[in-house]
Structures are given as structure tokens and as C-alpha cells.
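Worksheet for the structure shown next.
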Amino acid sequence: MAVKIRLTRRGGKGRPFYRVVAAESSSPRDGRFLEILGSYDPKKDPAAIVLKEDRITDWLLRGAQPTLTVSQLLKKKGISVGA
């Protein structure tokens, strides 16, 4: 089954923050995941992005596909997504 690196929403109403997780593509957005890879808080100024770069690189090498938003976060942190 395909693995995606994507965001899961956490926090309360009007105060969202997100976890960056590796999850099977068939799992719901806020459902089961395989590993927590970091967090993203867009409400802070500037936005707080914390990533486990070694674990993300490992998942990418194993064929995990990041979503568009996660790809943009990885690019901001200087992590190469590949082709």
C-alpha cells in the first residue's frame, strides 16, 4: 500500500496546528498513521515548522510520497523531495 507524508489537524477551533505524519494513503486525514515526523503551526509568526529530517529522508527513500503542502514545507526547510 502507498505511504504518504501528510498533515493531520490538531488543536482547537480557530487554533489549528498540524502534525506531519507518514500514513497509508487509504487512511483518513486524522486517522491511523505510521509515524509522527514533525509539526507545523501556521498561527505563530513566523510559522513554526519542526521536522525530523532523518526520518523524513528515510521515508522518502522507501517511496513515500509527500502531499503538495508537505512538499512546500520540506522545500522551506531545505529537504529535497526528489524528481
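Note that the numbering runs from 1 along the sequence shown for the chain.
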*How long is the gap from CZ on R29 to OG1 on T67, to the nearest 0.5 Å?*
12.0 Å

*To the nearest 0.5 Å, what is the distance between NZ (K52) and CD1 (I36)?*
6.5 Å

*State yes or no: do F33 and V70 share one hydrophobic cluster built from I, L, V, M, F, W and Y residues joined by side-chain heavy-atom distances below 4.5 Å, directly or via other members?*
no

_If hydrophobic clusters are built by linking Ile, Leu, Val, Met, Phe, Trp and Tyr wherever their side-chain heavy atoms come under 4.5 Å apart, do V21 and F17 end up in the same one?_
no

*Is a salt bridge present between E53 and K77, judged by a nitrogen-to-oxygen distance below 4.0 Å?*
no

*Give a yes or no on this: more than 12 heavy atoms of other residues, nucleotides or ligands lie within 6.0 Å of atom CZ of R32.*
no

*Is the CZ atom of R15 crowded by more than 12 outside heavy atoms at less than 6.0 Å?*
no

Using a 4.5 Å cut-off on heavy atoms from C-beta on, say whether the side chain of [Y] contacts that of [X].
X	Y	result
P66	K75	no
W59	L34	yes
I5	L60	yes

_Minimal non-hydrogen separation, K4 against S25, with atom names_ = CG-CB, 4.0 Å

*Identify the two heavy atoms, one from G14 and one from R9, that lie closest to each other, and give their separation to 0.1 Å.*
N-NH2, 4.4 Å

*Sequence neighbours left out, what passes side chain to side chain contact (heavy atoms under 4.5 Å, CB included) with K43? Give chain and number order.*
P16, D41

*In chain order, what residues pass the side chain to side chain contact (heavy atoms under 4.5 Å, CB included) check against L73, with sequence neighbours excluded?*
L7, Y40, I49

